[in-house]
Protein chains: 2
Amino acid sequence: MKLEQAIQSTKFKNETHKAGLNILYTAWWLKTSFSQALKEYGLTHEQYNVLRILKGKNPEQMCVRDIACRMIEKSSNVPRIVDRLEIKKLVKRSVSSFDKRETMIQLTAAGLLLLEVTTKKADELFDNQLCVTDEEAKQLNELLEKLRQKEA
Amino acid sequence: MKLEQAIQSTKFKNETHKAGLNILYTAWWLKTSFSQALKEYGLTHEQYNVLRILKGKNPEQMCVRDIACRMIEKSSNVPRIVDRLEIKKLVKRSVSSFDKRETMIQLTAAGLLLLEVTTKKADELFDNQLCVTDEEAKQLNELLEKLRQKEA
DNA sequence: ATAATTTAGATGTATGTACATGTATTAGTA
DNA sequence: TACTAATACATGTACATACATCTAAATTAT
């Protein structure tokens with residue numbers, strides 16, 4: 001669907017302005033599809049993201065700060081997301097013996113298992129839903145990184 | 001900043017997968033910059049979006065449903081956003097005489113004024129922060145719309 | 001004309017974001 | 001060593017999203 005249809009608007013200040021809205025809309029669409037796919041497993045996409053980050057170091061633990069700086073949305077409140085994962089017994093919290101201020105998070109066996117199943121689903125979604133060739137994806141990545149040039 | 005730095009990750013399944021994450025990250029970055037710029041006016045970017053939509057029809061009123069279908073994030077809860085705009089006297093609610101189920105929303109003079117000021121800021125942000133040429137923006141728009149081809 | 005269905009929007013709840021503040025612990029300094 | 005500053009995380013609040021449910025009004029079917 002063209003952006004014009006999606007947000008019922010035809011007047012854009014210029015192509016760059018339209019691109020900004022297009023990115024916001026595409027991100028919303030992608031998040032929604034993703035959340036939909038994870039729903040039957042009782043996970044939100046933020047919770048999935050935290051599990052996926054933990055997997056990267058598994059079976060090592062990670063502290064909250066290390067998880068936070070790997071999140072896509074930097075302002076995510078990781079302690080709160082971990083709360084919910086802990087209730088579902090997908091992760092375990094413990095105080096770091098190295099630095100008692102740090103809370104170490106570790107995947108449980110259940111968490112690892114659920115992650116493996118959902119990762120398959122998530123990868124399928126990306127492969128099936130995102131209709132660009134490898135070459136186009138590369139181009140898209142370059143354009144997005146150029147666009148963000150003035151990132152603080 | 002490269003995506004790899006931003007989310008401290010170098011392993012992507014493929015370029016398309018990376019593009020998906022890149023879109024999500026870019027959208028977060030854009031939203032954050034935007035919210036920052038609106039902050040001194042006491043507006044969130046969702047509230048701004050609703051005001052902007054209302055301006056499109058001003059001085060005509062719009063019903064909640066018509067606003068909702070123009071929102072970038074389709075699952076936005078428009079009545080609640082309107083609640084907050086109403087408290088700030090930026091919009092006015094009234095029952096439609098045409099169909100009493102409908103709530104009609106109209107910009108107040110204060111809303112219109114605030115919108116004009118913030119629109120300038122918002123446009124500046126888009127122009128200054130998004131570092132792509134017109135040609136690149138066009139390409140980006142084409143790629144995003146191709147990517148979303150399988151949109152439901 | 002009356003009953004059943006659909007629609008519009010308000011509202012409740014769980015989750016998440018954005019940001020401020022509180023508390024414990026560690027690091028740095030006089 | 002004692003005092004101060006910084007850090008890690010938990011937690012409170014306002015706003016937003018995602019989705020379910022409720023109420024009133026309009027539409028459709030019988």
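In the text below, chain A, chain B and the rest are named by the order of the sequence lines, each starting its count at 1.
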Name the pairs: protein N/O against N/O of nucleotides 2-7 of chain C, kept only if under 3.5 Å.
from, atom 1, to, atom 2, distance (Å)
C/dT7, O2, B/Arg101, NH1, 3.0

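- Straight-line distance from the NE2 atom of B/His45 to the C1' atom of D/dC15: 11 Å, rounded to whole Å.
- Heavy-atom contacts from other residues, nucleotides or ligands closer than 6.0 Å to NZ of B/Lys2 number 12 or fewer.
- In this structure, A/Tyr41 atom OH and C/dT15 atom C1' are separated by 21 Å, rounded to whole Å.
- For the pair B/Thr44 and A/Val78, both in contact range of DNA chain D, the more 5′-proximal nearest nucleotide belongs to A/Val78.
- Not one side-chain nitrogen or oxygen of A/Thr103 sits closer than 4.0 Å to the OP1 or OP2 atom of D/dA8.
- Between D/dT17 and B/Ser76, a contact under 4.0 Å exists linking OP1 or OP2 to a side-chain N or O.
- Nearest-nucleotide assignment on DNA chain D puts the 5′-proximal partner with B/Glu46, out of B/Phe98 and B/Glu46.
- Residue A/Lys31 is classed as having no contact, given no heavy-atom separation below 4.0 Å to the nucleic acid.
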>> A/Lys57 vs A/Asp66, test: salt bridge (charged side-chain N to carboxylate O under 4.0 Å, His left out). Steps then yes/no.
In response: CA-CA 11 Å; A/Lys57 290 272 182 176; A/Asp66 280 353; over 6 Å; no

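- B/Asp83 places its CG atom 11 Å from the P atom of C/dG12, with the value rounded to the nearest Å.
- If you check D/dT17, C/dG9, C/dG16 against the side chain of B/Glu102, the one that comes closest is C/dG9.
- With hydrogens and angles left out, the side-chain atoms of B/Gln47 and B/Lys88 include a donor and acceptor closer than 3.5 Å.
- In this structure, B/Glu73 atom CD and C/dG16 atom P are separated by 16 Å, rounded to whole Å.
- For A/Asn77, the side-chain atoms get nearest to D/dG12 when compared with the rest of D/dA8, D/dG12, C/dT25.
- No hydrogens or angles were tested; on distance alone, nothing pairs the side chain of B/Arg80 with the base of C/dG9 as donor and acceptor under 3.5 Å.
- At most 12 heavy atoms of other shown residues, nucleotides or ligands fall within 6.0 angstrom of atom NZ in A/Lys89.
- Here C/dG16 presents its C1' atom at 10 Å from CE of A/Met71, a figure rounded to the nearest Å.
- To the nearest angstrom, P of D/dT17 lies 17 Å from CH2 of B/Trp28.
- Summarising the local packing, NZ of B/Lys146 is surrounded by more than 12 heavy atoms from other residues, nucleotides or ligands at distances under 6.0 Å.
- Comparing A/Ser96 and A/Gln47 by the nucleotide of DNA chain C whose heavy atom lies nearest to each, the residue mapping closer to the 5' end is A/Gln47.
- No side-chain donor from either of B/Glu4 and B/Ser9 sits under 3.5 Å from a side-chain acceptor of the other.
- In this structure, A/Lys18 does not pair ionically with B/Asp134, as no charged nitrogen and carboxylate oxygen lie closer than 4.0 Å.
- Counting non-hydrogen atoms under 4.0 angstrom, A/Asp99 reaches the backbone sugars and phosphates but no base.
- Closest approach to the A/Cys63 side chain among D/dT17, C/dT26, D/dC9 is made by D/dC9 (side chain taken as heavy atoms from C-beta onward).
- Within the 4.0 angstrom heavy-atom criterion, only backbone atoms of the sugar-phosphate kind lie near A/Lys39; the bases stay farther away.
- Following rounding to the nearest Å, B/Phe34 (CZ) and D/dA16 (C1') show an atom-to-atom distance of 15 Å.
- Few gaps surround NZ on B/Lys74; more than 12 heavy atoms of other groups in view lie less than 6.0 Å from it.
- Put simply, NZ on A/Lys74 is 15 Å from P on C/dC19, counting in whole angstrom units.
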